[in-house]
Amino acid sequence: TGAEAAAFRALIAHWTDYFHDSSRNGGLKADLVTSPDEVRQFSAFVSWAAWASVVDRPGAVESALFIAQSFPRRAAPGHEARQLLNTLLGGLFTSRLNANLREEHAYTYGANSLDLATRNWGAFAVMTSVRTDATGPALSEAFSEIRKAKDPTLGHPIANPEIELARVDLKQHLAATLSDASDVGERVEELFVQGLADDYLQKYPELLDAISPAAVLAEASHLDPDHSVIVVVGDQNAISKELAGQSLTVETAPDSLTD
């Protein structure tokens, strides 16, 4: 359709800029992909997920939602601030996403997010399962929370109390993952793989304490809901109209990816 063709051209422009500018792509080498043909091929490869890609499960009473985007890799400055951001957004029972989707709207039993940070790439992801009839509204509310975290002018700026709660949780999580020899071994492996200093874990609480709300907000600028990959596993016939109501074009995920 004309709309899909326009969206595909926009995708090519997005990925051209993405591979050119290392400040936008999580720390990949600048101009990693420069060939127009290669960018177009890459855009064609991922374009099936530029809309809401649905894995059809006829009769499903719930829809599993997965929203993901690129995010800075582990070595990019601001990692600990991004951890705080993720924790307050979707890493706690009291997080923004869970408070909205579970407590306020009763769409789900729980929603969470992940800040995935490896040596070579990073990603931010939101995951939940919601009632089938709440699929569209749940996606809308999830994106609303992401946008509010990114833009304080939307009425819900990141505040000190939620940062402090996230800070306490991360410190306690560190202590919990040093409780036995196998846990310690995994942490030491992480230090080696990520090229971190030997005393990183010792200084980790101090690093968290030094992070200001402004630093967390700065990392929130990496949130990019308009260029997220959306995958929905559910009853396509029941949710297609809801997704269309969120201005999302529904594409059925290829069988080769779901077998």
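Please read these numbers as outputs of a predicted model, since none were measured by experiment.
- Within 6.0 Å of atom NZ in Lys203, 12 or fewer heavy atoms from other residues, nucleotides or ligands are found, so the atom counts as exposed in its surroundings.
- Nearest heavy-atom pair, Leu101 versus Ala138, reported as atom, atom and distance to 0.1 Å: CD2-O, 3.7 Å.
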Discussion item. Pair Leu97, Asn112 - check side-chain contact (heavy atoms from CB on, under 4.5 Å), show working.
Written reply: CA-CA 7 Å; Leu97 285 165; Asn112 67 290; over 6 Å; no
Discussion item. What verdict does the side-chain contact (heavy atoms from CB on, under 4.5 Å) test give for Thr177 and Arg187, after you've listed the backbone C-alpha separation in whole Å, the side-chain angles of each residue and the deciding distance to 0.1 Å?
Written reply: CA-CA 8 Å; Thr177 57; Arg187 284 294 192 173; 2.9 Å; yes
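- A donor-acceptor pair under 3.5 Å is absent between the side-chain atoms of Ser228 and the main chain of Ile230, judged by distance alone.
- Distance check, rounded to the nearest 0.5 Å: CD of Glu164 to CG of Asp209 gives 7.5 Å.
- Residues Leu178 and Val184 are in side-chain contact: their nearest non-hydrogen atoms beyond the backbone lie under 4.5 Å apart.
- In this structure a side-chain-to-backbone donor-acceptor pair under 3.5 Å is present from Arg167 to Ile211.
- Here the straight-line distance linking atom CG of Leu154 with atom CD of Glu145 works out to 10.5 Å at 0.5 Å rounding.
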Discussion item. Checking Leu89 against Val126 for the side-chain contact (heavy atoms from CB on, under 4.5 Å) test, could you report, in this order, the C-alpha distance in whole Å, the side-chain angles of both residues, the deciding distance, and whether it holds?
Written reply: CA-CA 10 Å; Leu89 190 52; Val126 173; 6.0 Å; no
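- Taking every heavy atom of both residues into account, Glu103 and Phe93 meet most closely at OE2-CZ, 3.7 Å.
- Minimum heavy-atom separation, Ala149 to Ile158: O-CD1, 3.6 Å.
- Between Val233 and Phe66 there is no side-chain heavy-atom pair separated by less than 4.5 Å.
- Panel note: side chain Thr108, backbone Ser129; a donor-acceptor pair is recorded below 3.5 Å.
- Side chain of Thr132 to backbone of Ala60: a donor-acceptor contact under 3.5 angstrom is found.
- Closest approach of Leu84 to Ile163, counting heavy atoms only: CD2-O, 4.0 Å.
- Within a 6.0 Å sphere centred on OH of Tyr109, heavy atoms belonging to other residues, nucleotides or ligands number 12 at most.
- Atom NZ of Lys171 is separated from atom CD of Glu206 by 9.0 Å, given to the nearest 0.5 angstrom.
- Tracing side-chain contacts under 4.5 Å through hydrophobic residues (I, L, V, M, F, W, Y), one never reaches Val55 starting from Val61; they form parts of separate clusters.
- With values rounded to the nearest 0.5 angstrom, Arg82 atom CZ is found 6.0 Å from His222 atom NE2.
- The local environment of CD in Glu104 is crowded, with over 12 non-hydrogen atoms from other residues, nucleotides or ligands closer than 6.0 Å.
- With contacts defined as side-chain heavy-atom distances shorter than 4.5 Å, the pair Leu85/Phe71 qualifies.
- Note: Leu114 CG to Thr87 OG1 = 10.0 Å, rounded to the nearest 0.5 Å.
- Side-chain contact check for Asp37 and Ser35: no donor-acceptor pair (N or O, by modelled atom type) lies under 3.5 Å.
- Transitive grouping of hydrophobic side chains (ILVMFWY, heavy atoms separated by less than 4.5 Å) brings Leu201 and Leu196 into a common cluster.
- Remark: Phe124 CZ to Ser113 OG distance equals 4.0 Å, nearest 0.5 Å.
- Counting heavy atoms from C-beta outward, Leu92 and Asn98 have side chains that stay 4.5 Å or more apart.
- Judged by distance alone, with hydrogens and angles left aside, the side-chain atoms of Ser144 form no donor-acceptor pair with the main-chain N or O of Ser140 at under 3.5 Å.
- For the pair Ile146 and Leu223, the tightest heavy-atom approach, listed with the atom from each and the gap, is O-CD1, 3.8 Å.
- Remark: Arg74 is positioned above the aromatic ring of Tyr200, its terminal NZ or CZ atom under 6.0 angstrom from the ring centre and at most 45 degrees off the axis.
- Tyr107 is connected to Phe143 through a chain of hydrophobic side-chain contacts under 4.5 Å among Ile, Leu, Val, Met, Phe, Trp and Tyr, so both are in one cluster.
- The same ILVMFWY cluster, assembled from side-chain heavy atoms under 4.5 Å apart, contains both Met127 and Val231.
- Between the side chain of Arg131 and the backbone N or O of Ala106 there is at least one donor-acceptor pair closer than 3.5 Å.
- Nearest heavy atoms, Asp224 versus Lys150: CA-NZ, 4.4 Å.
- A donor-acceptor contact under 3.5 angstrom links the side chains of Asp151 and Thr153, judged on distance only.
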Worksheet item: Are Arg147 and Asp226 close enough, and set up right, to give a side-chain contact (heavy atoms from CB on, under 4.5 Å), and what steps lead you there?
Response: CA-CA 10 Å; Arg147 291 188 173 95; Asp226 293 329; 2.7 Å; yes
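- The 12-atom threshold is not exceeded at CG of Asp198, counting heavy atoms of other residues, nucleotides or ligands nearer than 6.0 Å.
- If you chain together hydrophobic residues whose side chains sit under 4.5 Å apart, Val216 and Val168 never meet in one group.
- Between the side chain of Ser95 and the backbone N or O of Leu88, no donor-acceptor pair lies under 3.5 Å.
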